[in-house]
Amino acid sequence: MSLWKKFLANVELRRIVVLLSIIAVLFLAKKMMSIILLTFIFTFLVLQLVKFVRRWIKIPAPLIVIIVYALTIFLLYSAVTKYLPVIAEQTMKMIDSVYKFYQNPDYNTNQVFKWLNSYIKTSDLMHQFKGGISVAFGYLTSIGTMGVTFFLSLILSFFFTVESQRMFKFSRLFLTSDYAWFFQDIYFFAQKFVNTFGVVIEAQVFIAMVNTVITTIFLSIMKMPQLPSLAIMIFLLSMIPVAGVIISCVPLALIGYSVGGIQYVAYILILIVVIHALEAYVLNPQFMSSRTKLPIFYTFVVLLVGDRMFGTWGLIVGIPIFTFFLDILGVKSISSEKEKLKSAKN
């Protein structure tokens with residue numbers, strides 16, 4: 001038997017080589033990682049939604065996909081047209097109020113303000129402020145880039161899901177090609193990762209629902225306007241673990257300023273801090289551990305390490321990757337719902 005045939009016959013060694021090849025390709029494509037992950041997330045969620053709807057209503061899957069994406073685009077359009085003008089208006093009002101405060105004649109006669117003014121002139125605060133402006137412009141640029149990434153991922157996931165049956169049928173051809181062993185091993189790893197990712201997405205949906213309910217209750221007590229729209233925005237942002245709560249702080253603070261002034265901004269900041277702590281230290285470990293059947297300590301450590309190594313994406317994919325490797329190493333197997341039902345019947 002030749003060395004090549006021995007390699008193909010050794011399934012464990014072959015799969016290790018394939019897994020290392022996948023990791024190498026993903027490392028080389030790290031600049032496209034956001035597009036890859038977002039496309040995967042959108043595709044997974046829409047396909048799961050299609051399966052759920054078709055359990056109760058037997059309508060064509062492409063029609064469900066078109067309705068879902070049309071509704072998504074409508075909600076995004078509504079959010080942009082409703083909230084961006086409000087945010088821009090409130091930002092200009094805040095800047096205008098600061099400018100009027102500075103131009104007030106009482107400002108120059110107050111000894112405290114004179115001392116602050118002289119301190120600002122003699123200190124390095126203006127240089128730091130200019131640096132802060134450049135950082136802010138950098139964030140705006142990254143937000144624009146993320147918007148393009150989001151849009152491209154949405155389009156790619158739409159074309160995949162609307163032709164999902166055709167995609168699956170065509171992709172099966174690779175499993176019977178001359179290099180079927182290679183694609184079969186890729187399929188083996190992909191199936192396991194999809195199962196683990198599905199478990200984590202389910203947990204994140206529960207976390208987003210809890211965050212949305214708590215935040216909406218407090219916003220209703222504060223008599224904030226357009227609560228249904230705000231609740232939808234909070235839920236969508238809460239799908240981003242930990243960071244989503246912080247991102248929602250900006251529009252909520254500006255809208256709160258228009259309703260109750262700086263006092264409401266303080267209330268909202270306190271609310272965001274409490275919810276952020278609740279999500280990071282209670283909900284994430286508790287829900288993730290209950291869905292993945294991992295001890296809370298391991299879940300919490302993986303979230304911390306994922307955040308330090310990969311930022312926000314580490315929080316999203318850290319648990320799936322960890323449970324994926326546990327399954328591959330044979331430490332803890334993860335089976336899909338179909339496999340569980342089959343084993344229960346047997």
Side-chain angles (χ1 to χ4, degrees), residues 1-48 145 149-150 152-161 163-201 292 294 298 301-303 305-336 338-339:
M1 184 181 290
S2 64
L3 187 62
W4 177 250
K5 288 184 178 180
K6 287 181 179 179
F7 168 73
L8 294 181
N10 192 335
V11 177
E12 291 183 358
L13 176 62
R14 194 183 70 195
R15 285 180 176 172
I16 290 173
V17 172
V18 171
L19 181 60
L20 292 175
S21 301
I22 294 171
I23 294 172
V25 170
L26 291 175
F27 178 78
L28 293 174
K30 59 183 178 181
K31 291 184 178 180
M32 295 181 61
M33 192 58 66
S34 294
I35 292 180
I36 294 170
L37 289 172
L38 278 176
T39 303
F40 176 78
I41 291 170
F42 293 152
T43 303
F44 177 83
L45 290 175
V46 173
L47 289 177
Q48 291 297 109
T145 305
T149 301
F150 184 90
L152 289 175
S153 301
L154 207 63
I155 291 176
L156 288 172
S157 64
F158 171 75
F159 286 124
F160 186 100
T161 52
E163 293 186 320
S164 58
Q165 295 302 319
R166 187 180 177 186
M167 283 290 299
F168 293 142
K169 186 177 180 181
F170 181 81
S171 300
R172 288 191 190 99
L173 297 176
F174 290 95
L175 300 177
T176 56
S177 63
D178 293 337
Y179 293 92
W181 63 270
F182 181 77
F183 296 106
Q184 286 169 3
D185 288 344
I186 291 178
Y187 177 74
F188 169 80
F189 290 121
Q191 195 174 32
K192 286 185 177 294
F193 185 77
V194 168
N195 288 338
T196 58
F197 190 84
V199 170
V200 175
I201 283 293
T292 58
L294 292 175
Y298 278 95
V301 169
V302 171
L303 289 171
V305 173
D307 179 44
R308 293 294 183 273
M309 292 181 65
F310 307 108
T312 303
W313 281 124
L315 294 170
I316 297 173
V317 301
I319 298 295
I321 290 174
F322 182 69
T323 51
F324 168 77
F325 277 106
L326 288 180
D327 196 356
I328 296 300
L329 296 172
V331 177
K332 179 180 177 297
S333 62
I334 297 166
S335 58
S336 63
K338 290 182 179 179
E339 290 172 344

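Both backbone and side-chain heavy atoms feed into the values below; hydrogens, waters and symmetry mates do not.
Proximity of a side-chain donor or acceptor of Ser177 to a complementary backbone N or O of Phe174 within less than 3.5 Å is detected.
For the residue pair Leu175 and Ala180, the shortest heavy atom distance occurs at O-CB, 3.1 Å. The heavy-atom pair separating Ser34 from Ser153 by the smallest distance is O-OG, 4.3 Å.
Every side-chain contact (heavy atoms from CB on, under 4.5 Å) that Val302 has, sequence neighbours left out, goes to Ile319, Phe322. Residues passing the side-chain hydrogen bond (donor to acceptor under 3.5 Å, both in side chains) test with Glu163, sequence neighbours excluded: Arg166. In this structure Leu156 satisfies the side-chain contact (heavy atoms from CB on, under 4.5 Å) test together with Ile35, Thr39, sequence neighbours excluded. Residues forming a side-chain contact (heavy atoms from CB on, under 4.5 Å) with Phe189 (at least two apart in sequence, or on another chain): Arg15, Val18, Leu19, Ile22, Phe324, Ile328. Taking the side-chain contact (heavy atoms from CB on, under 4.5 Å) definition, one finds that Phe7 meets it with Trp4, Leu13, Arg14, Val17, Trp181, sequence neighbours left out.
In this structure, NZ in Lys6 is found 13.0 Å from CG in Leu8, a value given to the nearest 0.5 Å. To the nearest 0.5 Å, atom CD1 of residue Ile16 and atom CG of residue Asp185 are 11.0 Å apart. Distance CG/Asp327 to CG/Asn195: 8.0 Å, rounded to 0.5 Å. Thr43 OG1 to Leu38 CG: the interatomic distance, rounded to the nearest 0.5 Å, is 10.0 Å.
When the shell of 6.0 Å around CZ of Phe160 is examined, it contains more than 12 heavy atoms from other residues, nucleotides or ligands.
Val46 is not listed as a side-chain neighbour of Ser157, based on a closest heavy-atom distance of 4.5 Å or more.
Counting only residues at least two apart or on different chains, the ring-ring contact (aromatic ring centres under 6.0 Å, His included) pairs with a member in residues 14-40 are Phe40-Phe193, Phe40-Phe197.
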